[in-house]
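See below for the structure under consideration.
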There are 2 protein chains.
Amino acid sequence: MINSIMQEKNLKITSARKELLEVLNSLKRPVSFEDIKHKITMDKATFYRNISKFESESLVNSFESNGKKRYYEIRQFPHAHFVCNVCNTIECLGEIPPPTLVGYTILDALYKGICRNCTQGVCIKDLQGEIMYNSP
Amino acid sequence: MINSIMQEKNLKITSARKELLEVLNSLKRPVSFEDIKHKITMDKATFYRNISKFESESLVNSFESNGKKRYYEIRQFPHAHFVCNVCNTIECLGEIPPPTLVGYTILDALYKGICRNCTQGVCIKDLQGEIMYNSP
DNA sequence: TAGTTAATGCAACTAAGTCGCATTTAAAAA
DNA sequence: TTTTTAAATGCGACTTAGTTGCATTAACTA
């Protein structure tokens with residue numbers, strides 16, 4: 001089915017592309033080049049050229065998180081992401097719609113903060129002045 | 001008053017730090033190192049060391065946008081940002097609260113999409129499958 | 001004012017991402 | 001099936017954001 005996806009987009013089916021889509025598809029979470037470079041055999045130039053082609057064909061999404069790295073994932077239904085400042089985990093948020101912004105088209109939402117696990121270990125008063133929203 | 005801010009945080013008051021805080025304070029919008037490197041006289045190592053110290057002292061906020069650059073701004077009241085994928089403009093969103101995420105502490109929100117100006121020039125059908133939320 | 005410690009400038013380095021070019025390969029034509 | 005050709009690949013060189021070590025300088029303290 002990976003082949004037919006590429007055919008639909010009129011992309012030449014190469015072994016590098018199949019490999020890359022299979023890896024992204026099996027992981028189903030946002031990954032950086034570093035995360036998967038040992039899982040793929042292609043050159044990094046090929047990785048970036050293909051990722052960028054996949055993005056322009058709407059097969060892949062990307063965003064940047066806390067580090068200086070970009071994260072890529074297979075595009076499924078549109079969803080937001082949450083990056084934890086403590087453990088640096090990136091979570092895909094399923095059901096969270098972004099707020100209303102009249103006149104704007106929101107394509108992506110990225111939230112940062114402290115995830116459920118880490119929140120329990122963090123003293124709230126250390127966050128004085130930083131809190132946008134603290135959930136109950 | 002810039003001096004007293006640094007005193008409160010027990011930061012040594014140096015000319016580089018005064019210069020950097022003054023520039024950030026006068027611009028009052030998120031800027032990258034590139035944006036302001038011609039406005040400051042310090043070495044880039046000093047810039048990054050001070051920005052990072054300011055961040056850990058809660059004087060400055062940072063986030064990454066579409067490019068591979070990081071953006072820094074004086075921390076005022078907490079607010080979200082909107083990055084336009086078309087014109088790459090970064091807007092500070094004043095009154096937009098992030099959604100509820102039970103158990104999580106949200107410290108930052110970054111939305112991407114198409115800003116008010118650019119939305120008028122974009123054909124909605126080009127966005128098939130990408131739309132998270134299209135405002136009325 | 002002298003002494004201590006932290007901040008600075010400089011240069012070298014790392015890592016993400018890009019680009020040009022020669023070679024290979026997928027797929028269409030013959 | 002073989003030939004053709006345009007696109008994809010690997011390689012190496014490059015760019016740029018950000019970091020680090022080290023010698024020097026400047027801010028605070030006694």
Side-chain angles (χ1 to χ4, degrees), chain A residues 2-24 30-57 59-73 83 85 88 90, chain B residues 2-24 30-57 59-73 83 85 88 90:
Chain A
I2 278 180
N3 286 20
S4 61
I5 288 169
M6 286 192 280
Q7 270 167 353
E8 273 171 44
K9 301 288 185 179
N10 283 316
L11 291 173
K12 203 181 267 191
I13 298 169
T14 68
S15 49
R17 286 181 181 164
K18 278 193 280 188
E19 185 187 44
L20 182 51
L21 279 183
E22 266 157 25
V23 168
L24 292 174
V31 290
S32 65
F33 172 64
E34 238 224 315
D35 290 338
I36 60 164
K37 66 178 175 196
H38 56 286
K39 291 194 169 72
I40 57 181
T41 56
M42 75 201 69
D43 187 73
K44 70 172 176 165
T46 303
F47 167 84
Y48 285 114
R49 280 187 284 231
N50 278 331
I51 274 287
S52 146
K53 186 135 248 177
F54 290 162
E55 260 198 286
S56 62
E57 295 295 338
L59 293 178
V60 160
N61 259 352
S62 81
F63 61 93
E64 4 223 321
S65 75
N66 281 329
K68 49 184 164 175
K69 271 174 268 187
R70 199 159 188 89
Y71 285 79
Y72 308 92
E73 67 178 341
V83 182
N85 291 344
N88 285 308
I90 299 172
Chain B
I2 277 181
N3 286 18
S4 61
I5 288 169
M6 284 191 281
Q7 270 167 351
E8 273 172 44
K9 300 287 184 180
N10 284 316
L11 290 174
K12 205 179 264 191
I13 298 169
T14 68
S15 49
R17 285 180 182 166
K18 278 192 281 189
E19 185 187 44
L20 182 51
L21 279 182
E22 267 157 24
V23 168
L24 292 174
V31 290
S32 65
F33 172 64
E34 238 222 315
D35 289 339
I36 59 163
K37 67 179 175 195
H38 57 284
K39 291 195 167 76
I40 57 181
T41 57
M42 76 201 70
D43 186 73
K44 70 173 176 165
T46 304
F47 168 84
Y48 284 114
R49 279 189 284 233
N50 279 331
I51 274 286
S52 144
K53 186 136 247 175
F54 290 163
E55 260 199 285
S56 61
E57 295 295 337
L59 294 177
V60 159
N61 259 352
S62 81
F63 61 93
E64 1 222 322
S65 75
N66 280 330
K68 49 184 164 176
K69 271 176 270 188
R70 199 161 188 87
Y71 284 79
Y72 309 92
E73 68 179 340
V83 182
N85 290 344
N88 284 308
I90 299 173

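All values reported here derive from a predicted model rather than from experimental measurement. Proteins get letters first, then strands, A, B, ... in listed order; numbering begins at 1 in each.
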Subject >> Partners meeting side chain to side chain donor-acceptor pair (under 3.5 Å) with B:Asp35 (sequence neighbours left out) >> reply: B:Ser32
**OP:** Please name all residues satisfying side chain to side chain donor-acceptor pair (under 3.5 Å) with B:Glu34, sequence neighbours left out, ordered by chain then number.
**Re:** B:Lys69
Original post:
If an axis is fit to five pairs at each end of the helix from C:dT1-D:dA30 to C:dA30-D:dT1, what is the angle between the two, to the nearest 10°?
Top reply: 30°
Subject >> Interface limits on DNA chain D, where chain B has a heavy atom under 4.0 Å of a nucleotide atom >> reply: D:dA17 to D:dC28
**OP:** Measure from CG on A:Asp43 to P on C:dG17 and round the result to the nearest Å.
**Re:** 14 Å
Original post:
Taking only residues two or more places apart in sequence or in another chain, which ones pass side-chain contact (heavy atoms from CB on, under 4.5 Å) with B:Asn88?
Top reply: B:Asn66
Original post:
Residues in salt bridge (Lys or Arg N to Asp or Glu O under 4.0 Å) with B:Arg70, at least two apart?
Top reply: B:Glu64
Subject >> Distance in Å, B:Ser65 OG paired with A:Phe63 CZ, rounded so as to fall on 0.5 Å steps >> reply: 14.5 Å
**OP:** Would you classify A:Tyr72 as touching base, sugar-phosphate or nothing, given that sugar-phosphate means primed atoms plus P, OP1 and OP2, and contacts are heavy atoms under 4.0 Å?
**Re:** sugar-phosphate
Subject >> Non-neighbouring partners of B:Tyr48 that pass side-chain contact (heavy atoms from CB on, under 4.5 Å), sequence neighbours left out >> reply: B:Phe33, B:Lys44, B:Tyr72
**OP:** List the steps and the verdict of side chain to side chain contact (heavy atoms under 4.5 Å, CB included) for B:Asp43 and B:Phe47.
**Re:** CA-CA 6 Å; B:Asp43 186 73; B:Phe47 168 84; over 6 Å; no
Original post:
Can you tell me how far P of C:dA11 sits from NZ of B:Lys44, to the nearest Å?
Top reply: 12 Å
Subject >> Between C:dA7 (P) and B:Ile51 (CD1): distance, integer Å >> reply: 15 Å
Original post:
Taking only residues two or more places apart in sequence or in another chain, which ones pass side chain to side chain donor-acceptor pair (under 3.5 Å) with B:Gln7?
Top reply: none
Original post:
Quick one: CD1 on A:Ile36 to NZ on A:Lys39, what's the gap to the nearest 0.5 Å?
Top reply: 8.0 Å
**OP:** Return the 5'-most residue of the pair A:Phe33, B:Asn50 with respect to DNA chain C, ranking by each residue's nearest nucleotide.
**Re:** B:Asn50
Original post:
Could you give the CZ-to-C1' distance, from A:Phe63 to C:dG17, as a whole number of Å?
Top reply: 18 Å
Subject >> Selected nucleotide, minimal atom distance to A:Glu34 side chain, candidates C:dT8, C:dG9, C:dA16 >> reply: C:dA16
Original post:
Among all residues two or more places apart in sequence or in another chain, which pass the side chain to side chain donor-acceptor pair (under 3.5 Å) test with A:Glu19?
Top reply: A:Thr41
Original post:
When every nucleotide of nucleotides 20-30 of chain C is labelled 5' to 3' by its protein contacts under 4.0 Å (heavy atoms), B for base, S for sugar-phosphate only, - for none, what sequence of letters results?
Top reply: B-----BS---
Original post:
Can you check the B:Leu20 CG to C:dA7 P distance for me, whole Å?
Top reply: 14 Å
Pairs of donor and acceptor atoms involving the side chains of residues 10-18 of chain B, under 3.5 Å and at least two apart or interchain, shall be tabulated with distances.
{"from": "B:Thr14", "atom 1": "OG1", "to": "B:Arg17", "atom 2": "N", "distance (Å)": "3.2"}
{"from": "B:Arg17", "atom 1": "NE", "to": "B:Asn50", "atom 2": "OD1", "distance (Å)": "2.8"}
{"from": "B:Arg17", "atom 1": "NH1", "to": "B:Lys12", "atom 2": "O", "distance (Å)": "2.9"}
{"from": "B:Arg17", "atom 1": "NH2", "to": "B:Asn50", "atom 2": "OD1", "distance (Å)": "3.4"}

